[in-house]
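Everything quoted here is computed from the prediction, not taken from an experiment. These numbers come from the heavy atoms of this one structure, side chains and all, not from hydrogens, waters or symmetry mates.
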Amino acid sequence: MSLATQQRAGTVPRSGRYTDSVAVTDRELAVLGLMADGLIATAIARRLGISPRTVSKHIENIYRKLGAHDRTTAVLRGQTMGFLRAAPR
C-alpha cells in the first residue's frame with residue numbers, strides 16, 4: 001500500500017517522518033527532540049504550550065512506535081532511525 005493510500009485511510013499521519021515501518025508525527029518528533037535534550041514532561045508541556053497529559057500520551061505513542069520502554073531507548077532508537085541527530089562526541 002502506498003503512503004498516499006495509507007494517509008487517505010488514516011493509518012499514517014499526513015505530516016511527520018517515516019521509515020519503512022514507523023510513522024512519527026511532527027508533534028511526536030518535537031516531544032522526542034525535547035526528551036533528547038533532557039526535559040521532563042512538564043517542561044516539554046510548557047515549551048510546546050500543551051498539557052502534561054498530552055505530552056504523556058505523545059511519549060506513550062513514541063514508546064509504542066519505536067518499541068521502547070524508557071526515554072533513553074526511545075532517544076537512541078530515534079537517532080538510529082534518523083528521526084534525531086546523533087549527539088556530537
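Put simply, NZ on K57 and CD on E28 are 12.0 Å apart, with the number rounded to the nearest 0.5 Å. Note that the CZ atom of R27 and the OG1 atom of T54 stand 9.0 Å from one another [nearest 0.5 Å]. In this structure, R77 CZ and T80 OG1 are separated by 8.5 Å, a value rounded to the nearest 0.5 Å. One distance of note links CG of L29 with OG1 of T25; it measures 6.5 Å at 0.5 Å rounding. Between atom CG of residue L39 and atom CE of residue M35 there is a gap of 10.5 Å, rounded to the nearest 0.5 Å.
Within a 6.0 Å sphere centred on CZ of R53, other residues, nucleotides and ligands contribute 12 heavy atoms or fewer.
For Y63 (side chain) and H58 (main-chain N/O), no donor-acceptor pair under 3.5 Å exists by modelled atom type. Of the possible donor and acceptor atoms, none in the side chain of T73 sits under 3.5 Å from a partner among the backbone N and O of H69. Judged by distance alone, the side chain of K65 and the main-chain N or O of V24 form no donor-acceptor pair under 3.5 Å.
Closest of all the heavy-atom pairs between G78 and L32 is CA-CD2, 4.1 Å. Of all the heavy atoms in S51 and A45, the pair that sits closest is C-CB, 3.7 Å. The two residues Q79 and R85 come nearest to each other via the heavy atoms NE2-O, 3.5 Å. Between A36 and L84, the closest heavy-atom pair is CB-CD1, 4.0 Å. When all heavy atoms of L66 and A74 are compared, the pair lying nearest together is CD1-O, 3.4 Å.
Listed by chain and residue number, D70, L76 satisfy the side chain to side chain contact (heavy atoms under 4.5 Å, CB included) test with T72 (two or more places apart in sequence, or in another chain).
Residue pairs meeting the salt bridge (Lys or Arg N to Asp or Glu O under 4.0 Å) criterion with at least one partner in residues 30-49, sequence neighbours excluded, do not occur; the list is empty.
L34 has its side chain within reach of L48: a pair of non-hydrogen atoms, C-beta onward, lies under 4.5 Å apart.
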